[in-house]
S.K.: 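A single structure is presented below for examination.
It should be emphasised that the depicted structure is a prediction, and the values quoted were computed from it without experimental measurement. Proteins come first, then strands; the chains are lettered A, B, ... in the order of their sequence lines, and each starts at number 1. Below, all heavy atoms of this structure are taken into account, side chains as well, without hydrogens, waters or symmetry copies.
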Amino acid sequence: MPELPEVETIARGLARRVTGDVVDSVWLGQKKEPLKSTASEIVGALEQRRIAGVRRMGKHIVFDLERSSMARAPSPAKGWGFKKVPASGAKLTQASSALDAEAGQGARPTQSPPKAQWIVHLGMTGRLQVCEAQAEIEKHTHAILRLASGRELRFVDPRRFGRLSVSADFDAGGIEPLDIDLERFVALFCGRKTPIKSALLNQKLLRGVGNIYADESLFRAGIRPRRRASSITREQLERLFIAVKEVLKEAIALGGSSISDYVDDDGKEGFFQLQHRVYAREGEACLVCGSPIKRIVIGGRSSHYCAKCQK
DNA sequence: AATGAAACCTGACAGC
DNA sequence: TGCTGTCAGGTTTCAT
């Protein structure tokens, strides 16, 4: 569900709320889909680390971790007595199995600790909650980080398209659409026979643009989503370049779009959906010319456009 | 190499 | 009420 503006909103909210806190212990559910790294890699990278910051890369949320100054004894292996086991039937996992594997064994007295990052991709339905430890555990909760402040950071994801991993130097691939310059933007689409809509969704080119903002950007640029990327004129690409940045910035300013289940970490909804000009408006009148908005499928994704305004 | 279709999951909603 | 079919803001995998 979340695209760049939603992930940016969520990352900013998390940065405000959990930066400086320390991960005391980690619980992971039994479903395997959400984990891209092994459970022990994730637990080992997170436990007893201080959250130095939270930021966005493409649609990924990156937690920068550093060794906690107040490193304590490893948390008790028995875990922390859950009041209610999530409906999925998950159980407690190893608490500190691979704790500090790289630092404890190497015995290298260097003072530059290895970088550690916790990477979260929300997929379609993923959410990160910051809540009190006693708050009820929602169905589809796949990970819980108990924080030294007494709160918990929880990953909830019904559809399980989200992914958790740890890394030392994560690279999301692609280029940030808000940072790219015109020449590099134009070069991305050069010689590509794929529809421009599909190229915009390709995270190896631009990272962070998703279905809503691709449609909205193409509408503002006056380009039909099925046009071959290579067939688009320089002038149109310049308009698209501006439109993509404009749409993303406006959406971030409004806290993202929320249509059904997206809410930010405070539980507040974004408001950009009120600005949608084509997305999810099939059959409704184009706000510019009044023609009915069309919906077609491109690369398996529904695509909305105005046949009169977009060529 | 690039493109497109299918697969991966659950939940919400419309229609019968 | 309950069943069926469709759809969903994303990515990966597997044939062409």
S.K.: Which part of the nucleic acid, if any, lies within contact of A:Pro34, taking any heavy atom under 4.0 Å across all strands shown: a base, the sugar-phosphate backbone alone, or nothing?
M.R.: nothing
S.K.: Base, sugar-phosphate, or nothing for A:Ser198, non-hydrogen atoms under 4.0 angstrom?
M.R.: nothing
S.K.: Any side chain to side chain donor-acceptor pair (under 3.5 Å) involving residues 285-298 of chain A? Give me the pairs, sequence neighbours left out, ordered by first then second residue.
M.R.: none
S.K.: With pairs taken as Watson-Crick or G-U wobble and both distances under 3.5 angstrom, which stems of at least three consecutive pairs involve DNA chain B?
M.R.: B:2-8 with C:10-16, B:10-16 with C:2-8
S.K.: Can you confirm whether A:Lys311 is buried at NZ, in the sense that more than 12 heavy atoms of other residues, nucleotides or ligands lie under 6.0 Å from that atom?
M.R.: yes
S.K.: With a 4.0 Å cutoff (strictly under), does any side-chain N or O of A:Thr125 reach OP1 or OP2 of B:dA12?
M.R.: no
S.K.: At 4.0 Å (heavy atoms only), tell me whether A:Gly210 reaches a base, stays on the sugar-phosphate, or touches nothing.
M.R.: sugar-phosphate
S.K.: Can you tell me if the side-chain N/O atoms of A:Lys139 get under 4.0 Å from OP1 or OP2 in B:dG11?
M.R.: yes
S.K.: Answer with base, sugar-phosphate or nothing: what part of the nucleic acid does A:Arg163 contact at a heavy-atom distance below 4.0 Å?
M.R.: nothing
S.K.: Please state whether the phosphate of B:dG11, meaning OP1 or OP2, lies under 4.0 angstrom from any side-chain nitrogen or oxygen of A:His140.
M.R.: yes
S.K.: Phosphate oxygens OP1/OP2 of B:dG4: is one of them under 4.0 Å from a side-chain N or O of A:Thr194?
M.R.: yes
S.K.: Does the ring centre of A:Phe272 sit less than 6.0 Å away from the ring centre of A:Tyr213?
M.R.: yes
S.K.: For C:dT11, does either OP1 or OP2 sit under 4.0 Å from a side-chain N or O belonging to A:His121?
M.R.: yes
S.K.: Is there aromatic stacking of A:Phe161 against B:dC8, centre distance under 5.5 Å, plane angle under 30°?
M.R.: yes
S.K.: To the side chain of A:Ile212, which of B:dC9, C:dT11, C:dG9 is closest?
M.R.: C:dG9
